[in-house]
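FYI, side chains are in, hydrogens and waters are out, and symmetry mates aren't considered; it's all heavy atoms of this structure.
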Amino acid sequence: MYRRATSGVRSASTRLSSSLTKIASTETSSVSASSAPLLLNQTNRSKSFSSALRSFRVCSASTRWSHGVSWGSPASLRAQSRNSAPVMEKFERKYATIASEHAYKDILTSLPKPGGGEYGNYYSLPALNDPRVDKLPFSVRILLESAIRNCDNYQVTKDDVEKILDWENTSTKQVEIAFKPARVILQDFTGVPVLVDLASMRDAVKNLGSDPSKINPLVPVDLVVDHSIQVDFARSEDAAQKNLELEFKRNKERFTFLKWGSTAFQNMLVVPPGSGIVHQVNLEYLGRVVFNSNGFLYPDSVVGTDSHTTMIDGLGVAGWGVGGIEAEAAMLGQPMSMVLPGVVGFKLDGKLKEGVTATDLVLTVTQILRKHGVVGKFVEFYGEGMSELSLADRATIANMSPEYGATMGFFPVDHVTLEYLKLTGRSDETVSMIESYLRANNMFVDYNEPQQERAYTSYLQLDLGHVEPCISGPKRPHDRVPLKDMKADWHACLDNPVGFKGFAVPKEKQEEVVKFSYNGQPAEIKHGSVVIAAITSCTNTSNPSVMIGAALVAKKASDLGLEVKPWVKTSLAPGSRVVEKYLDRSGLREYLTKQGFEIVGYGCTTCIGNSGNLDPEVASAIEGTDIIPAAVLSGNRNFEGRVHPQTRANYLASPPLVVAYALAGTVDIDFEKEPIGTGRDGKSVYLRDVWPSNEEVAQVVQYSVLPSMFKSSYETITEGNPLWNELSAPSSTLYSWDPNSTYIHEPPYFKNMTANPPGPRQVKDAYCLLNFGDSVTTDHISPAGNIQKTSPAAKFLMDRGVIPEDFNSYGSRRGNDEVMARGTFANIRIVNKLLKGEVGPKTVHIPTGEKLSVFDAASKYKTAEQDTIILAGAEYGSGSSRDWAAKGPLLLGVKAVIAKSFERIHRSNLAGMGIIPLCFKAGEDAETLGLTGHERYTVHLPTKVSDIRPGQDVTVTTDSGKSFVCTLRFDTEVELAYYDHGGILPYVIRSLSAK
């Protein structure tokens, strides 16, 4: 089903910026050749403010080229306006000098317009005259262009360029390169702590006697508020408004802070709540594909603090998720060091069969790639089958890169991309510029021309005609189940031992039925009964074909007299306002409404666990039983406990199948043989009776989805809504911290900071705070999930008058370091060897022998001015990149982590926060050395940073007489410089304050 009618590395350590201080003062600094690439990255965000000069930049911010409308909110643009023509003239006079001194000045080329004139200049890859370029994957060419453009032989070196050119040989050797993304994107959960750090840095700059307004992002930053909406109200006309009002009530402090940031920081756009999901907004509006910065052209690229940033890869924009520390570094002009990835070439042939959706395809691709193994790699799609996939189909596949484990799932730009850009309101002139640049720079795929063979690390192939309808679950996104096998698979899950595919329900209890009363009417729930059916997540709501398909299923069912049971919690949460417009134009929205799929809001809901409570009568019926109810959602993640605490079985499905399962009321059904209900004529109705054809869907999409809808939706996106506009936020450069706030708090990172770096900190007679084995993940370290009522964080909140019902989650309180420090190492499954087998978030305070919470023990050590270290096994810090997994230990007073091995990004984050990472020598660990964790440890590092070398041997001694040698895991001179300053952020502060 749903042929397209609209035709349409993660990062590790960061490198020290030699040119950062040179660009801090926009009017007085002399611009060096090394800073030229950084300067050229800056683009103009508003045509009406094209001369606006950001105080932390040399040239203006990026043009809102897609629609020619204001990029920031009116207030933000007023605040950012500058009378900077003299400065711009000075910059333009220097430009010729800068370009002539660039390492690759000989390949700087002008790009002519088809009708005469030129678009601007760009670094030409063909002009390298290097045959290796033509064999590079398109995704690697983006890395190559960035390295060439930003090459200053310090931050980014010619050696980086050569490594990328020689990708066929170097990609297998784990070599690192420097990469500078063109922009950064944030959502509110992860964006708030980033903004807190920037606000605190401004205070520090002021305390050092300098201008706090120097702290501003150097690259365009977009923050979309989309993670705070919850489905508290559903199945009513006013559900969306009520949910929005409750969202503002819960998050007033956070939203006020974000609104302050939208005007206080230049080069930052904040998209208010109720506008859409970050990745769909990025796809439909924010994505540039090609930047044109004052006549300088280069590819769009983005890193984001959400793992599904990869959705933009479907648009041909290189993008992936990173942690908060990496994002802050990129925002402040620091290049990111990344391992040059292998690239898996995934060839697509044929076309999808009748009745098969893009969701079926992505679940199939996810399973294939998980089996192949693509962690840390790019996946690049190509082949004749690409012409059969709409841009929205591609974005669906790219969105789920984290689920199949890849850094990116990349789709090079082709004619389908250009058609989508026009559909979503980008101007013809802009699209022409994009095509001209990409063709000229060998970054465009034209499937009407002979294709040059490209090199890939490994190859996969899929005939689209072999994809069949499916869903995934009940506990993992890559556990695909063909729809025809679903009933059998469900019964196997009931039988199987507890695990990813098992619930271990005894045979005699598998037919158990719980009867209850719902609004005075008899109701019942069995194993597999659907209690949540949610059309949610940017993964699918960005795709008009599957959304129209769901609406057609709802219409056909309504016409036949079928109706979703009233106790099923149904919801529709579009990823942008455009969805509502084309559903209204199609005349189909009323049928979704009839089946209970009222719009509940515009943001991330059920997919991230913001599904809200079940109806009390339903929840009570489930409570205290062994019944396994189900949720069916059009999302991308279905891990146990994520969607809702009471839905132990959770299945990912296309939006049309979400409606179908809601109608059936159970996942225990064979759609081929069993009816989904009985029509008003008394006859059985099967799925095939309500399933629309590809042609039906295509016709409705062709009629209903118009470019004007995208233009009108995004013209006013920054104007917000009455609730946002009524928020009173200060307009000051510095943030006025409220000492009583339990959401936003000034972190202590820069307290008593001096103008000169403190130098290496001695770790002497340190106690062991925690002694870990292997595979301690960032989920164990970083605060996440609900705040336990007996935890130090709970005590902190209750002492300040917050009742348990208002605790909210650690995620919502990421802007308060006092809460987060108390939640560090608070995971109830953590295993600390000091507790001799006891599991839980406690440790032993060595001097007294007391068993305390980790926070309380750390506080005792800090009060006594005693250093602490952590002992760990292999793969310390594996899992998702979480900035609080490094920030939290720092706040607890941890000075060093001695581990058998580190996960790459977490090691980098520790270095970025000034914590010393040390590795035991091969064949050694705490156990083989006879270390119990009850010793006191001294790390013998030189007192001057100039005497320390990356990767050198370091002797560690204990008060028990033991001595052993570790490898210092500061891996570069850059990281040593960060360590000298106490971390990357103090380094930036001192650099800017010195100007």
Side-chain angles (χ1 to χ4, degrees), residues 469-477 479-518 521-534 562 564-570 596 606 609 611 613-635 637-653 657-678 684 686-687:
C470 58
I471 63 177
S472 279
K475 302 180 184 181
R476 296 188 302 184
D479 288 332
R480 185 180 69 91
V481 185
L483 203 60
K484 59 184 174 56
D485 299 333
M486 179 56 197
K487 187 178 182 72
D489 189 85
W490 171 250
H491 283 275
C493 287
L494 293 180
D495 290 335
N496 292 341
V498 173
F500 294 123
K501 293 288 290 186
F503 296 104
V505 178
K507 284 284 187 185
E508 64 273 15
K509 291 191 174 183
Q510 291 185 11
E511 301 302 320
E512 184 178 350
V513 177
V514 175
K515 296 184 180 295
F516 66 103
S517 174
Y518 182 82
Q521 299 297 316
E524 63 179 38
I525 291 179
K526 302 184 290 187
H527 293 297
S529 290
V530 174
V531 295
I532 291 178
L562 300 189
V564 174
K565 296 291 190 295
W567 57 81
V568 179
K569 186 168 187 177
T570 47
T606 308
S611 49
N613 294 325
L614 295 176
D615 186 278
E617 292 175 310
V618 177
S620 296
I622 299 169
E623 192 72 34
T625 74
D626 294 323
I627 289 293
I628 301 171
V632 182
L633 63 150
S634 63
R637 287 187 176 168
N638 57 336
F639 303 121
E640 190 170 18
R642 179 184 177 93
V643 172
H644 191 280
Q646 290 185 304
T647 59
R648 294 168 59 191
N650 303 281
Y651 286 92
L652 305 182
L657 280 177
V658 171
V659 177
Y661 273 110
L663 289 163
T666 180
V667 297
D668 184 8
I669 184 173
D670 182 339
F671 281 131
E672 284 293 318
K673 301 175 181 177
E674 298 176 75
I676 59 174
T678 303
S684 294
Y686 292 83
L687 179 62

For [X] versus [Y], what's the shortest heavy-atom pair and its separation?
X: P566; Y: Y518; answer: O-OH, 3.3 Å
X: P482; Y: C470; answer: CA-CB, 3.9 Å
X: L657; Y: L687; answer: CD2-CD2, 4.3 Å
X: Y661; Y: L483; answer: OH-CD1, 3.4 Å
X: S634; Y: V658; answer: N-CG2, 3.8 Å
X: G677; Y: L562; answer: C-CD2, 3.8 Å

Quiz item: Within the side chain of K484, is there an N or O that forms a donor-acceptor pair under 3.5 Å with the backbone of P469?
Solution: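 Pair absent, no side-chain N/O of K484 close to backbone of P469.
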Practice problem: Check whether any side-chain N or O of E512 sits under 3.5 Å from a backbone N or O of H527 as a donor-acceptor pair, and report yes or no. | Solution: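 It does not hold such a pair.
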Practice problem: Would you mind listing every side-chain hydrogen bond (donor to acceptor under 3.5 Å, both in side chains) that reaches into residues 662-676, with sequence neighbours excluded? | Solution: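 Found K487-D668, K487-E674, H491-D668.
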Practice problem: Check whether any side-chain heavy atom of F503 sits under 4.5 Å from a side-chain heavy atom of K475, and report yes or no. | Solution: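 Yes, their side chains come closer than 4.5 Å.
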Approximate separation, where rounding is to 0.5 Å, of [X] [atom1] and [Y] [atom2]:
X: K526; Y: E511; atom1: NZ; atom2: CD; result: 7.0 Å
X: L633; Y: T606; atom1: CG; atom2: OG1; result: 6.5 Å
X: I471; Y: L652; atom1: CD1; atom2: CG; result: 8.5 Å

Could I get the full list of salt bridge (charged side-chain N to carboxylate O under 4.0 Å, His left out) partners for [X], not counting sequence neighbours?
X: E617; value: none
X: K501; value: D489
X: D495; value: K507

Quiz prompt | Mutual orientation of the aromatic rings belonging to F516 and W567 [parallel < 30°, tilted 30-60°, perpendicular > 60°] | solution =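 Perpendicular: the ring planes of F516 and W567 meet at over 60°.
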Exercise. Could you list the residues that satisfy ring-ring contact (aromatic ring centres under 6.0 Å, His included) with Y651, not counting sequence neighbours?
Key: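 Checked Y651 against ring-ring contact (aromatic ring centres under 6.0 Å, His included); zero matches.
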Self-check item: More than 12 heavy atoms of other groups within 6.0 Å of E508 CD
Solution: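 Buried by this count: over 12 neighbours within 6.0 Å.
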Donor-acceptor pairs are to be reported for all side-chain atoms of residues 619-632 against protein atoms at under 3.5 Å, with residues two or more places apart or in another chain.
from	atom 1	to	atom 2	distance (Å)
S620	OG	P616	O	2.8
E623	OE1	Q646	NE2	3.3
T625	OG1	I622	O	2.7
T625	OG1	I627	N	3.2

Exercise. Apply side chain to side chain contact (heavy atoms under 4.5 Å, CB included) to I669 and M486, showing your working.
Key: CA-CA 7 Å; I669 184 173; M486 179 56 197; over 6 Å; no
